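When a ligand or atom number is given, it counts from 1 through the structure's own listing order. All values reported here derive from a predicted model rather than from experimental measurement.
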Amino acid sequence: MKKILLIGTGGTIASEMTEGGLTPELTTEQLLSQVPAISGICDVDCIQLLNLDSTNIIPGHWQTMARCVWARYEAYDGFVITHGTDTMAYTAAALSYLIQGSPKPIVLTGAQKPIGFDSTDSKVNLMDAFRCAAEDLPGVSIVFNNRVILGTRAKKTRSKSFQAFSSINYPDLGVLRDGVLLRYIRQECKAAPVFYDRLNTQVALLKLVPGVTRGLADYLLERNDALIIESFGVGGLPEDSGLYDCVRDAMEAGKTVVLTTQVENEGSDLGVYHVGHALKNDLGVLEAYDMTCEAVVAKLMWILGQTRRREEVARLFYTPVAQDILWPAG
Ligand code: ASP
């Protein structure tokens with residue numbers, strides 16, 4: 001039988017109702033005891049790494065999770081991480097950069113309703129996560145509501161219903177039908193994963209609204225090494241906002257600026273319109289193309305943890321990791 005490590009970090013799945021609202025309280029052993037059929041799939045060891053609402057997860061916790069897997073990688077055939085849904089897509093992306101090319105499954109799951117509720121998605125999600133962790137499913141993925149989503153492509157797109165996650169600009173890796181994994185795509189992997197440990201958390205995100213001026217961008221750029229600007233459509237900056245000059249000044253000062261889009265599907269294409277063309281061609285800002293915003297945040301933290309050299313930042317940013325960017329770069 002395969003040996004799987006269950007790593008608990010909290011979330012709704014482990015929550016109980018308290019006077020102050022739902023709070024993660026159940027241990028990994030308690031979670032496991034709610035789904036006895038898992039013992040028919042694999043042998044399980046448990047670690048209670050954190051017990052947090054995922055709103056409280058910070059990048060340091062991503063490092064803690066990656067180190068936990070790293071330290072026990074040889075001892076297990078796969079890993080299941082239970083996690084709150086709110087920031088699970090960020091964690092899945094971050095783990096995809098911190099643990100690259102893993103031949104063993106690293107599966108994140110959680111739930112929209114606590115495991116103790118009469119109507120809950122916790123049990124099926126937990127069971128499916130173990131099924132996937134015991135299969136040949138390399139890399140980091142989210143298993144949720146019978147679907148398997150690549151870690152770099154996941155986004156929480158529904159706040160309440162069981163279909164909480166979507167795979168953005170990339171197909172699902174597979175589905176679970178009657179408890180059987182139908183794998184559509186097998187992620188490429190290496191013989192052994194490459195683990196990273198450093199992150200630079202000085203990465204900020206600015207969502208543009210019509211009428212925005214440069215003040216907020218100036219503020220964020222003064223305090224951070226990188227700014228992601230979530231602009232409109234295929235990408236650009238309002239011409240009377242002062243943002244173009246702001247971005248030029250920041251880049252001259254050695255900061256990294258990435259343009260992405262508020263539109264969920266199909267990504268950026270900055271050179272198309274006059275409002276974006278010079279940013280791309282004259283200033284040479286980076287653009288996210290088909291990447292999710294969660295992946296852009298995590299990738300920049302990973303890249304800037306290693307280098308601040310402009311060419312190297314650009315090279316790493318456009319080099320696909322776990323299929324995070326498919327658009328032909330450059
Ligand atoms: N607030 C919860 C969390 O992210 C929501 C959930 O798990 O579904 O931890």
Does Ala111 approach ligand 1 within less than 4.0 angstrom via side chain, backbone, both or neither, non-hydrogen atoms only? backbone

Is there a side-chain contact between Phe165 and Arg147, using heavy atoms and a 4.5 Å cut-off? no

Applying ring pair (Phe, Tyr, Trp, His ring centres under 6.0 Å) as the test, list every pair that has at least one member in residues 252-282; sequence neighbours left out. none

Sub-4.0 Å heavy-atom approach of Ser15 to ligand 1: no

Need the ligand 1 atom indices (1-based, order shown) with element for anything under 4.0 Å from a heavy-atom of Gln112. 8 (O)

For atom 6 (C) of ligand 1, closest protein heavy-atom neighbour: Thr12 OG1, 2.7 Å

Please report which non-hydrogen protein atom sits nearest to atom 1 (N) of ligand 1, along with the residue it belongs to and the distance in Å to one decimal place. Asp86 OD2, 2.7 Å

In terms of residue, atom name and distance, what is the protein heavy atom nearest to atom 4 (O) of ligand 1? Ser54 OG, 2.5 Å

For atom 3 (C) of ligand 1, closest protein heavy-atom neighbour: Asp53 OD1, 3.3 Å

Go through Arg223 and Asp218 one step at a time and tell me if the salt bridge (charged side-chain N to carboxylate O under 4.0 Å, His left out) criterion holds. CA-CA 9 Å; Arg223 287 160 181 78; Asp218 281 327; over 6 Å; no

Below 4.0 angstrom, N of the basic side chain to O of the carboxylate: do Arg153 and Asp290 qualify? yes

May I have the list of side-chain donor-acceptor pairs in residues 125-135 shorter than 3.5 Å, sequence neighbours left out?
from   : atom 1 : to     : atom 2 : distance (Å)
Asn125 : OD1    : Asn145 : N      : 2.9
Asn125 : ND2    : Gly110 : O      : 3.0
Asn125 : ND2    : Asp121 : O      : 3.3
Asp128 : OD1    : Arg131 : NH1    : 3.0
Asp128 : OD2    : Asn146 : ND2    : 3.0
Arg131 : NE     : Gly179 : O      : 2.9

Would Lys155 and Glu264 count as a salt bridge (charged side-chain N to carboxylate O under 4.0 Å, His left out) if you check the C-alpha gap in whole Å, the side-chain angles of each, and the deciding distance to 0.1 Å? CA-CA 9 Å; Lys155 183 180 278 293; Glu264 202 167 87; 5.5 Å; no

Are Asp43 and Lys2 within salt-bridge range, i.e. N to O under 4.0 Å? no

Could you list the atoms of ligand 1 found under 4.0 angstrom from a heavy atom of Gly11? 7 (O), 9 (O)

Looking only at protein heavy atoms, identify the closest one to atom 8 (O) of ligand 1 and say how far it is in Å. Thr85 OG1, 2.5 Å

